[in-house]
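So the structure is just underneath, and the comments pick up after that.
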Amino acid sequence: MISNTKDYPFKELPFLKTNLGRIEKAISRSLPPKSLSKISKAIHYSVLNAGKRIRPQLVLLMADSLKVNVSSKTIDLMAASGELIHCYSLIHDDLPSMDDDDFRRGKLSCHKKFDEATAILAGDAIQPLALEILTTIEDKNLTDEQKLKIINLFARACGPKGMVEGQSRDLDAEGKKITLRELDEIHYLKTGKLIEACVESICSLKDDLPKSHKKSFLDFAKKFGLAFQIKDDILDVTGDEKIIGKPINSDSKLKKASYPSIIGLKASQKRAEKLCNEALSILTKLPYDTSNLILLSNYIVLRNK
Ligand code: GRG
């Protein structure tokens, strides 16, 4: 667990550290007791560790920016839900039938620590748990319609029109030449849709949010998600294994198309910076306090983890 922030990469941004305490508490409270079963142990092992918690941070920062009129408990459950979906995807992504990675977040991946069946089942358990906790939200300022919308957004992001389709295309593309556009599409589905759901779910809490502002926030999320993924690919080549918590060059070992393999490292960094600048320009034009979202966006392209 990283609530002590020792391994947290964003120590420089104090508001992220403050949010992190809330996020870790919300995630821990959402999990079944560790002692319940082998699967529970595997869930705790895979969820309470050195994740950067980018998705829940986005939920909290969006809620602050839009000053949404729901309880902080509601926001915390939404944040936990976004992170749980992400954690489930990482467990399955590491399986031998997928990317076959032995390490994740600086320790053995779930199937290596436990076994393959346990890792499949832990992932299978975390995904519905992420949606179940949204159904438990009790908030007089949240209508049933809004709650259903939030559940719909998170379910869609991880389903056949989101993460699963992205992962399937990603696996199919191994060893093949694909275009930059095809790679963008894979990552939009695989990574971007969940990031977008984190942003859109908060937009959906604000009834009077002008359509144009919602569109701007979604454009921001798309650019943020793509810049984040490009940086992820760059770190797979240039990162320090001890800092990123897994071996580098995994994309080239699997003959996976990546931004550095298609356009080169320098152009990848430039593209991530350009997308980040476009995201910042969208945020600065909006009539809300987006300063912390701006700092987070800057950081995702500068990060070394
Ligand atoms: C098996 C039904 C089924 C579905 C699988 C595995 C999967 C669906 C989708 C994979 C999606 C995936 C792994 C996306 C990961 C993209 C990515 C950038 C991961 C790293 O995210 P960070 O940097 O990691 O936020 P931390 O560890 O900080 O949370």
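In each ligand, atom 1 is the first atom listed, and ligand 1 is the first ligand listed. These numbers were taken from a predicted model, which means no experiment stands behind them. Values below: all heavy atoms of this structure, side chains included; hydrogens, waters and symmetry mates excluded.
Under a 4.0 Å heavy-atom criterion, K305 is not in contact with ligand 1.
For atom 29 (O) of ligand 1, the choice among M163, R105, R55, Q167 with the nearest heavy atom turns out to be R105. The residue among D232, T191, I186 with a heavy atom at the shortest distance from atom 20 (C) of ligand 1 is D232.
Using a 4.0 Å cut-off between charged side-chain N and carboxylate O, E165 and R169 make a salt bridge. Comment: D99 engages K256 in a salt bridge, judged by a side-chain N to carboxylate O separation of less than 4.0 angstrom. For K73 and E138, the salt-bridge test fails: no basic side-chain N is under 4.0 Å from an acidic carboxylate O. Looking at K222 and D184, no side-chain N of the basic residue comes within less than 4.0 Å of a carboxylate O on the acidic one, giving no salt bridge. Ion pairing of K67 with D289 is absent here, as no side-chain N (NZ or NE/NH1/NH2) approaches a carboxylate O to less than 4.0 Å.
Nearest heavy-atom pair, L134 versus S81, reported as atom, atom and distance to 0.1 Å: CD1-OG, 3.4 Å.
When hydrogens are left out, the protein atom nearest atom 11 (C) of ligand 1 is K190 CG, 3.6 Å; that is the closest non-hydrogen contact. In terms of protein heavy atoms, atom 5 (C) of ligand 1 is closest to Y88 OH, 3.8 Å. What sits closest to atom 6 (C) of ligand 1 on the protein, heavy atoms only, is S89 O, 3.1 Å. Of all protein heavy atoms, the one closest to atom 21 (O) of ligand 1 is H86 CE1, 3.3 Å. Looking at atom 17 (C) of ligand 1, its nearest protein heavy atom turns out to be Q229 OE1, 4.1 Å.
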Which atom pairs, one a donor and one an acceptor, fall under 3.5 Å between side chains of residues 151-162 and the rest of the protein, sequence neighbours left out?
unit_1 : atom_1 : unit_2 : atom_2 : d
N152   : OD1    : R156   : NH1    : 3.2

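Contact annotation: for K52 versus ligand 1, heavy atoms closer than 4.0 Å belong to both the backbone and the side chain. Counting heavy atoms under 4.0 Å from ligand 1, residue M98 touches it through the side chain alone.
By the salt bridge (charged side-chain N to carboxylate O under 4.0 Å, His left out) test, K215 pairs with D219, sequence neighbours left out.
For ligand 1 and D93, the ligand atoms under 4.0 Å from any heavy atom of the residue are 6 (C), 13 (C).
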